[in-house]
Amino acid sequence: MAKRTLILGGARSGKSRHAEQIAAASGQRVVYVATAESRDGEMVRRIAHHRARRPADWGCVEEPLYLATRLRELAAPDSCLLVDCLTLWLSNLLFAGRAAAQAETGEAISCPLFAGETAALVETLPQLPGQVILVSNEVGWGIVPMHPVSRLFADEQGRLNQRVAAVCERVTLVAAGLPLTLK
């Protein structure tokens with residue numbers, strides 16, 4: 001069993017369901033680490049959908065920004081942490097840390113929150129006891145976005161996925177509900 005697993009895929013690819021299946025089969029205490037924030041009706045419905053299909057005995061912790069710190073607090077040798085998802089976490093960081101606003105105005109991107117938190121995650125993952133499953137979107141297969149914030153997001157999502165994949169023992173791509181092992 002891999003200690004750290006990254007599961008990538010497009011929107012509605014089945015990546016979260018696959019991650020949940022791995023967590024359920026782990027035989028460990030599962031804690032779902034949610035990065036989404038319910039800021040509108042659509043997100044409220046998406047969160048409810050994810051909650052409804054999870055086992056009732058799984059723990060759930062919400063962490064929209066300080067993921068590395070929260071993982072250090074939760075990780076234990078007998079636990080499986082399922083982080084869903086790095087994509088929303090990255091978006092939260094870019095907007096909370098003003099990187100999105102800087103991209104919008106054409107400024108050079110200087111965002112200590114984003115840089116510090118992504119570096120902390122990559123440094124923390126190899127040190128955590130127990131199992132960690134991370135879900136993330138693969139966003140780099142389309143055209144280069146026209147809007148500066150969208151370009152920033154696509155670039156940083158690709159870079160984050162590469163950095164996290166480098167420290168994970170297993171990386172899986174899910175398309176049409178079918179997992180393909182990359183590493």
Side-chain angles (χ1 to χ4, degrees), residues 4-22 33-50 53 62-68 82-123 125 132-183:
R4 288 166 301 277
T5 301
L6 174 61
I7 300 175
L8 300 165
R12 299 292 173 257
S13 63
K15 62 191 176 296
S16 292
R17 185 175 303 278
H18 183 66
E20 291 163 3
Q21 291 169 345
I22 293 170
V33 182
T35 62
E37 294 183 292
S38 55
R39 294 184 176 190
D40 60 34
E42 178 191 359
M43 191 53 76
V44 167
R45 289 187 296 279
R46 286 175 180 256
I47 291 169
H49 172 75
H50 276 254
R53 71 174 190 223
E62 296 177 2
E63 184 50 64
L65 294 174
Y66 303 101
L67 190 54
L82 193 165
V83 178
D84 198 356
C85 75
L86 294 181
T87 309
L88 291 172
W89 176 66
L90 176 71
S91 180
N92 295 341
L93 288 173
L94 290 175
F95 282 93
R98 306 272 309 138
Q102 290 170 338
E104 191 74 55
T105 63
E107 293 177 55
I109 305 302
S110 174
C111 182
L113 177 67
F114 165 75
E117 289 302 315
T118 55
L121 177 66
V122 173
E123 291 167 10
L125 284 172
V132 181
I133 303 166
L134 304 119
V135 177
S136 190
N137 282 37
E138 176 51 64
V139 299
W141 288 350
I143 60 170
V144 175
M146 289 178 57
H147 194 275
V149 175
S150 299
R151 281 194 303 274
L152 171 66
F153 174 78
D155 290 349
E156 295 304 332
Q157 185 68 62
R159 289 182 184 113
L160 177 63
N161 286 347
Q162 289 179 54
R163 293 171 66 198
V164 171
V167 298
C168 287
E169 289 87 7
R170 172 165 281 227
V171 179
T172 302
L173 175 66
V174 178
L178 302 172
L180 174 65
T181 300
L182 302 178
K183 175 182 175 185

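Computed from a predicted structure; not experimentally measured.
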The single option from Leu125, Ile7, Leu134, Leu121 passing side chain to side chain contact (heavy atoms under 4.5 Å, CB included) against Val83: Leu134

Any donor-acceptor pair under 3.5 Å from Lys183 side chain to Glu169 backbone: no

Check: Pro64 and Trp89 side chains under 4.5 Å, non-hydrogen atoms: no

Heavy-atom side-chain proximity of Thr172 to Leu8 below 4.5 angstrom: no

No-hydrogen, no-angle side-chain donor-acceptor test under 3.5 Å, Ser136 and Gln157: yes

Distance, nearest 0.5 Å, that separates OG of Ser16 from CD1 of Ile133: 11.0 Å

Rounded distance [0.5 Å steps], OG1 in Thr35 versus CG in Leu90: 10.0 Å

Minimum-distance pair of heavy atoms, taken over all atoms of Val174 and Gly14: CG1-C, 3.7 Å

Beyond-backbone contact of Cys85 with Leu88, side-chain heavy atoms, under 4.5 angstrom: yes

Asn92 side, atom CG; Glu63 side, atom CD - distance, nearest 0.5 Å: 9.5 Å

Inter-residue atom distance Leu160.CG - Glu117.CD, 0.5 Å rounding: 12.0 Å

Polar side-chain atom of Ser13 near backbone of Gly10 as donor-acceptor pair, under 3.5 Å: yes

Any Asp84 side-chain heavy atom under 4.5 Å of Val33 side chain: no

Sidechain-backbone polar pair: Asn161 side chain, Asn137 backbone, donor-acceptor under 3.5 Å: yes

Side-chain donor or acceptor of Arg4 paired with backbone N/O of Val167 under 3.5 Å: yes

Gap separating the CG atom of Leu86 from the CG atom of Leu6, nearest 0.5 angstrom: 7.0 Å

Criterion side-chain contact (heavy atoms from CB on, under 4.5 Å) on Leu93 and Leu65, from CA distance to verdict: CA-CA 6 Å; Leu93 288 173; Leu65 294 174; 3.9 Å; yes

For Ala19 against Val135, the heavy-atom pair lying closest together: CB-CG2, 3.5 Å

Separation of Glu20 CD from Arg53 CZ (nearest 0.5 Å): 4.0 Å

